A.B. asks: 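Could you have a look at this structure, given as structure tokens, before my questions?
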Protein chains: 2
Amino acid sequence: MKISTKGRYGLTIMIELAKKHGEGPISLKAIAQANELSEHYLEQLIAPLRNAGLVKSIRGAYGGYILADLPSKITSGDVIRVLEGPISPVEGIEDEEPAKRELWIRIRDAIKDVLDNTTLEDLASHSDDGDSDAYMFYI
Amino acid sequence: MKISTKGRYGLTIMIELAKKHGEGPISLKAIAQANELSEHYLEQLIAPLRNAGLVKSIRGAYGGYILADLPSKITSGDVIRVLEGPISPVEGIEDEEPAKRELWIRIRDAIKDVLDNTTLEDLASHSDDGDSDAYMFYI
DNA sequence: TCTAAAGCCTATCAAATTACTAAGGATTTT
DNA sequence: AAAATCCTTAGTAATTTGATAGGCTTTAGA
């Protein structure tokens, strides 16, 4: 029941691009270094994001990537769907018996609600809060 | 971002036990046959449920399993936590940078809210609804 | 025009996880 | 004693994950 590094690193890329939106293309190398990630691996993640039309690429020296739209217009759900597939706690909800189907639908809709209502602008804005609150991490 | 067969089949077992609560022990064989699942595989799933104190076992002929508590007192969250681990969309939420940490916490809390407020009684009760509504299955 | 910086593409691979299967032992009831 | 059932350990094929390797193409700027 986890989001893999695909979705997590994909969001990392998109948040970096959102932070520097309007400043011209950002290279993957810069993003990889800033986040201590493998540039090659990020290349594999941004390919589907480009195919899905969420980012645009500029080739050649001083090239890189830019968001295809305003940070306020791209949601975390857009990114997660591209990299992790449809948002659903199980595959084939429709084939489940009614009891469990109902449960999966409730979970799916709850996740969907969060992901589709959180934009890159939201995420990029409070990227340097301190440790805001005493959260319980294991529940 | 999926709940595996562990959690799914585990819930299947628990819902069956909830449906027949008060009717004496139910054998895994009966549950396996009713749901067309491997009895051996279910044995591996019910072991942690027993260790966690969610079910009690009665050995020997005409033995089986019973819920350790009322169906209204056991939630889907109890079952999923035992079989899938802590409810969280990523591991190590605390190590994430604030932007993503906030997102994961929102998702986690949304899932937690559903799972902890859905009891086996809820699930067992509408196990034979028709196809109640026109749901959208891929979102 | 050359060169370095960058994107683009394909293949390969080790580790982990998932979803079982196999085999048999232990316990209790009829 | 026989049958039913729980209990435990081990193995394994398929899939996914998280990379690594290497080379090709495009472009800005010296």
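A, B, ... follow the sequence lines: proteins, then strands. Residue 1 opens every chain. Note that this is a predicted model, so its numbers are computed, not measured.
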A.B. asks: Evaluate the side-chain proximity of B:Lys100 to A:Arg8: yes if any heavy-atom separation is below 4.5 Å, no if none is.
C.D. replies: no
A.B. asks: Kindly indicate whether the side chain of B:Glu121, heavy atoms from C-beta on, has any atom under 4.5 Å from the side chain of B:Leu70.
C.D. replies: no
A.B. asks: Given atom CD of B:Glu91 and atom C1' of D:dT17, what is their separation to the nearest angstrom?
C.D. replies: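 In whole Å, D:dT17 C1' and B:Glu91 CD are 13 Å from each other.
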A.B. asks: Give a yes/no answer on whether the side chain of A:Arg50 brings an N or O atom under 4.0 Å of OP1 or OP2 in C:dG7.
C.D. replies: no
A.B. asks: On the nucleotide D:dA4, are OP1 or OP2 found under 4.0 Å from the side-chain N or O atoms that B:Ser27 carries?
C.D. replies: no
A.B. asks: Please report the distance, rounded to the nearest Å, between CD1 in B:Ile58 and C1' in D:dC7.
C.D. replies: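 From B:Ile58 CD1 to D:dC7 C1': 14 Å.
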A.B. asks: Starting at the 5' end of DNA chain D, which residue's closest nucleotide do you reach first, B:Glu39 or A:Tyr41?
C.D. replies: B:Glu39
A.B. asks: Is the shortest side-chain heavy-atom distance between A:Met14 and A:Val55 below 4.5 Å?
C.D. replies: yes
A.B. asks: Applying side chain to side chain contact (heavy atoms under 4.5 Å, CB included), name anything that partners B:Ser57, two or more places apart in sequence or on another chain.
C.D. replies: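 Partners of B:Ser57 under the side chain to side chain contact (heavy atoms under 4.5 Å, CB included) test: B:Arg50, B:Tyr65.
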A.B. asks: Taking only N and O in the side chain of B:Ser57, is any of them less than 4.0 Å away from OP1 or OP2 of D:dC7?
C.D. replies: yes
A.B. asks: Determine whether any donor atom in the side chain of A:Gln44 lies under 3.5 Å from an acceptor atom in the base of D:dT17, or the reverse, and answer yes or no.
C.D. replies: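 Between D:dT17 and A:Gln44, which were checked side chain against base, a qualifying N/O pair under 3.5 Å is absent.
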A.B. asks: If you round to the nearest 0.5 Å, how far is CD1 of A:Ile15 from CD1 of A:Ile74?
C.D. replies: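 Here the interatomic distance stands at 12.0 Å.
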A.B. asks: If you write DNA chain D from 5' to 3' in dot-bracket form, with Watson-Crick or G-U pairs under 3.5 Å, [ ] for crossing pairs and | for pairs with another strand, what do you get?
C.D. replies: ||||||||||||||||||||||||||||||
A.B. asks: Could you tell me the separation between the CD atom of B:Glu84 and the C1' atom of C:dT17, rounded to a whole number of Å?
C.D. replies: 12 Å
A.B. asks: Go through C:dT18, C:dC8, D:dG18 for me and flag the one nearest to the B:Ser4 side chain.
C.D. replies: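 Nearest listed nucleotide: C:dT18.
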A.B. asks: Give the table of side-chain donor-acceptor pairs shorter than 3.5 Å for residues 25-38 of chain B, with sequence neighbours excluded, one pair per line with atom names and distance.
C.D. replies:
from: B:Ser27; atom 1: OG; to: B:Ala30; atom 2: N; distance (Å): 3.1
from: B:Asn35; atom 1: ND2; to: B:Glu16; atom 2: OE2; distance (Å): 3.1
from: B:Asn35; atom 1: ND2; to: B:Ile31; atom 2: O; distance (Å): 2.9
from: B:Ser38; atom 1: OG; to: B:His40; atom 2: N; distance (Å): 3.3
from: B:Ser38; atom 1: OG; to: B:Tyr41; atom 2: N; distance (Å): 3.0

A.B. asks: Using only atom types and a distance under 3.5 Å, with no angle test, would you say the side chain of A:Thr75 pairs donor to acceptor with the backbone of A:Asp78?
C.D. replies: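 Flag set: sc A:Thr75 to bb A:Asp78 pair under 3.5 Å.
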A.B. asks: One character per nucleotide, please: for nucleotides 23-30 of chain D, 5' to 3', B when the base has a protein heavy atom closer than 4.0 Å, S when only the sugar-phosphate does, - otherwise.
C.D. replies: --BBBSS-
A.B. asks: Measure from CD1 on B:Ile66 to C1' on D:dT5 and round the result to the nearest Å.
C.D. replies: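 Spelled out: CD1 on B:Ile66 to C1' on D:dT5 is 15 Å.
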A.B. asks: Do the charged groups of B:Arg81 and B:Asp116 touch, with an N to O distance under 4.0 Å?
C.D. replies: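 Here B:Arg81 pairs with B:Asp116 in a salt bridge, since their nearest N and O are under 4.0 Å apart.
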A.B. asks: Any side-chain to backbone donor/acceptor pair from B:Glu102 onto A:Leu123? Under 3.5 Å, distance only.
C.D. replies: no
A.B. asks: Take atom CG of A:Leu42 and atom C1' of C:dC9, then tell me their distance rounded to the nearest Å.
C.D. replies: 16 Å
A.B. asks: What residues from residues 5-13 of chain A pass a heavy-atom cutoff of under 4.0 Å to DNA chain D?
C.D. replies: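 Residues of residues 5-13 of chain A under 4.0 Å from DNA chain D: A:Thr5, A:Lys6, A:Tyr9.
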A.B. asks: Identify whether any heavy atom of B:Ile46 sits under 4.0 Å from a base atom; if not, whether one sits that close to sugar-phosphate; answer base, sugar-phosphate or nothing.
C.D. replies: nothing
A.B. asks: Can you list everything that forms a side chain to side chain contact (heavy atoms under 4.5 Å, CB included) with B:Arg59? Sequence neighbours excluded, please.
C.D. replies: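 Side chain to side chain contact (heavy atoms under 4.5 Å, CB included) list for B:Arg59, sorted by chain: empty.
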A.B. asks: Between D:dG18 atom P and A:Leu83 atom CG, what is the distance in whole Å?
C.D. replies: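 Going from CG in A:Leu83 over to P in D:dG18 covers 12 Å.
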A.B. asks: Is there a donor-acceptor pair under 3.5 Å between the side chain of A:Thr119 and the backbone N or O of A:Lys73?
C.D. replies: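 Flag not set: sc A:Thr119 to bb A:Lys73 has no pair under 3.5 Å.
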A.B. asks: Give the rounded distance in Å between these two atoms: CD of A:Glu36 and C1' of D:dG18.
C.D. replies: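 After rounding, the gap between these two atoms is 17 Å.
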A.B. asks: Using atom CG of B:Leu37 as one end and atom P of C:dT18 as the other, report the distance to the nearest whole Å.
C.D. replies: 18 Å
A.B. asks: Side-chain contact test, heavy atoms from C-beta onward, threshold under 4.5 Å: evaluate it for A:Leu115 versus A:Ile111 and give yes or no.
C.D. replies: yes
